[in-house]
Amino acid sequence: MAGFGGDSRGRSPLLAWIGEPADGRGIRFAAPGGEWDFWPYPRLASLTEDVAAGLRRAGVEPGDVVCLVQRPGPGFVAALFGAMLAGATPAPIAPPAVFQDPGRYREHYAGLVATARPALVLTEPDLVPRLGPLAPGVPPAPLGDLLAGRPSVRRSPQRAGREPYGGRGPDALLQFTSGSSGRARGVRVPYRALEANVAAIHAWLEWTPRDPVASWLPVHHDMGLIGCLICPVARQSDLWSMPPEDFVRDPRRYLACFGELGARLTAMPGFGLAHIARKVPPAALAGLDFRDWRAAIIGAEPLDPEAFERFAALLAPHGFAREALLPAYGLAEATLAVTGLPLREGWTSVRVLPGSLAPGSPVRLGPEGVPVMGCGRPLGVEVGIRAEDGTPIPGGTVGEIVVRGPSVADGYAAEPGGSTRFDGDALLTGDAGFLLEDRLYVLGRLGDGLKIRGRMVFAEDLEAELARAGVPAHRVAAALGHRRAEPTVLLVLDRPRPGWPGLAREVLRRRTEGARVVVAAAPIPRTTSGKPRRRELWHAFLSGGLGEAPHEDPGRGERDGEDRTGEEVAG
């Protein structure tokens, strides 16, 4: 990895910046009133070394896990790299959101702590009374107490006598998945995988220390944690960091990081493009110049070509280059990035005829097909497609995406129980897709698909079609499965407006002929990255916990008999 070496003390290259921090560059954290709180790298390096010393004083040993339940800020950055510097494995966990269901967060947090078995939980002072009762065996400690060497900060005995994860020394991260298809799982990311993925991303984007970054992503798992925090810090690039809620409230401030302050690189899910195009009027862009905005990586969910077009059209009058939008594919089990569109190549999509979306089917293209965007080419890994029986299948054929290479993680910290799994040196992603001319095209989760009359239907495609019909993407979620042995498509609308249920049924019947369509009105549970928790919705539906939307289709009332809650659930 040329240009990305460790320091003379044998530290990982990810930590080399601590020994030689760049003066004049650093991280600017969003502050009230439109201000930014600047932390230069020498100041961050000093705080990071203090955290590492505090962890050692507290009895944390190499191979121990340290959970970080902190808001974005200098304390989180120092705790993340300080744990690595102390030889421990940081495990970031998102803190509770203001309006989050307390019961759901309690279950989520307790499950993650049970998986991580941490030696210590570092958090904010105001979160200590909230987190303490959720996992009584591991009391949380404020970062300030650790830095002050207060005797109340003590290592938990949970990991005493256990080997470090992987048996080859401490991992760089215990990274939790976003939990879009079930309970979040802890992925063991060794140093070799994190170093390889960071180096691949740097090479892909031609990233130098003088390429500033701006991000609004959560810093608690893959895209925000690695792509928009570890990558810029390892390069010692300037970084503007704002919390997601600030972006939602004021996306123009995020755009100003590029149009006024000089940021050039970023990453976000596709719904971020749609939010900007929906909330920022053209007049609000007056005075902004986006000519130096080189790369916006777009991933984390199936991509909508129309969102790309609307975003590019909004910013083009101010110098934004269409080619700066870079579709990508990745997942936590591959550390982060798997494929990405090369710089300056320009994104494209193909239209796949619905009848050729089933696994094992040769892809057939046509003007009436479903638009599918290309997600670029492999980034330092090998990407293949396999059939349901596990055999490799040729390009242009739909199957499960398989990844091999140095960025693949070492496995899970506990029994996974999901559609993504490790098989020797192969990562079986649980995602359906195909390869054309070395580009990867991603169709969606295999666990979020349903075969209806011999053809495969994916939940993400249904949601995208409804969004094009006028139902906002953040107010709709689909879940697919069998109910009473009947293929069923469940569509959940969050606070539906009059007309949405009827429109939804009309759209879905065209795409799901042969399946029963049920439209429900209910809040949509989502992961920390904004993805619908489809399995949670499906189980609530089977148990009668979802309220049906008004204007149910006449003549298609409920059949007599009890729900068969043991019916097959997709994925």
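Counting from 1, the numbers follow the sequence of the chain as shown.
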### Task
Applying side chain to side chain donor-acceptor pair (under 3.5 Å), run through S237 and W207 and close with a yes or a no.
CA-CA 9 Å; S237 301; W207 195 327; 2.9 Å; yes
### Query
In terms of ring plane angle, is the pair F308 and W347 parallel, tilted or perpendicular, where the classes change at 30° and 60°?
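Judged by the thresholds at 30° and 60°, the geometry between F308 and W347 is perpendicular.
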### Aromatic ring proximity, centroids under 6.0 angstrom, F38 and F29
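No, the ring of F29 stays outside the 6.0 Å limit from the ring of F38, centre to centre.
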### Query
Is the distance between the ring centroids of F81 and W17 under 6.0 Å?
yes
### Task
Output, in order, the C-alpha distance, side-chain angles, deciding distance and verdict of side chain to side chain donor-acceptor pair (under 3.5 Å) for Q70 and T123.
CA-CA 5 Å; Q70 298 168 272; T123 190; over 6 Å; no
Lys NZ or Arg CZ of [X] over [Y] ring: under 6.0 Å, within 45°:
X	Y	value
R264	W293	no
R253	W36	yes
R25	Y41	no

### Task
Take W39 and D37, measure what side chain to side chain donor-acceptor pair (under 3.5 Å) needs, and give me the verdict at the end.
CA-CA 7 Å; W39 277 68; D37 181 16; 3.2 Å; yes
### Summary
Correct closest heavy-atom pair for V213 and A263 would be C-CB, 4.1 Å
### Any V383 side-chain heavy atom under 4.5 Å of T339 side chain
yes
### Query
So do T115 and F176 actually touch side chain to side chain, heavy atoms under 4.5 Å?
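In contact.
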Mind listing the side-chain donor-acceptor pairs of residues 422-430 below 3.5 Å, one per line with the distance, residues two or more places apart or on another chain?
{"from": "D425", "atom 1": "OD1", "to": "R404", "atom 2": "NE", "distance (Å)": "3.3"}
{"from": "T429", "atom 1": "OG1", "to": "I401", "atom 2": "O", "distance (Å)": "2.7"}
{"from": "T429", "atom 1": "OG1", "to": "D431", "atom 2": "N", "distance (Å)": "3.1"}

### Message
Quick one about S407 and N197 (side-chain donor to acceptor, distance below 3.5 Å, no hydrogens or angles considered), yes or no?
### Response
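Yes - a donor-acceptor pair under 3.5 Å links their side chains.
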### Message
Evaluate T266 against Y254 for side chain to side chain donor-acceptor pair (under 3.5 Å), listing each step before the verdict.
### Response
CA-CA 10 Å; T266 192; Y254 168 74; 2.7 Å; yes
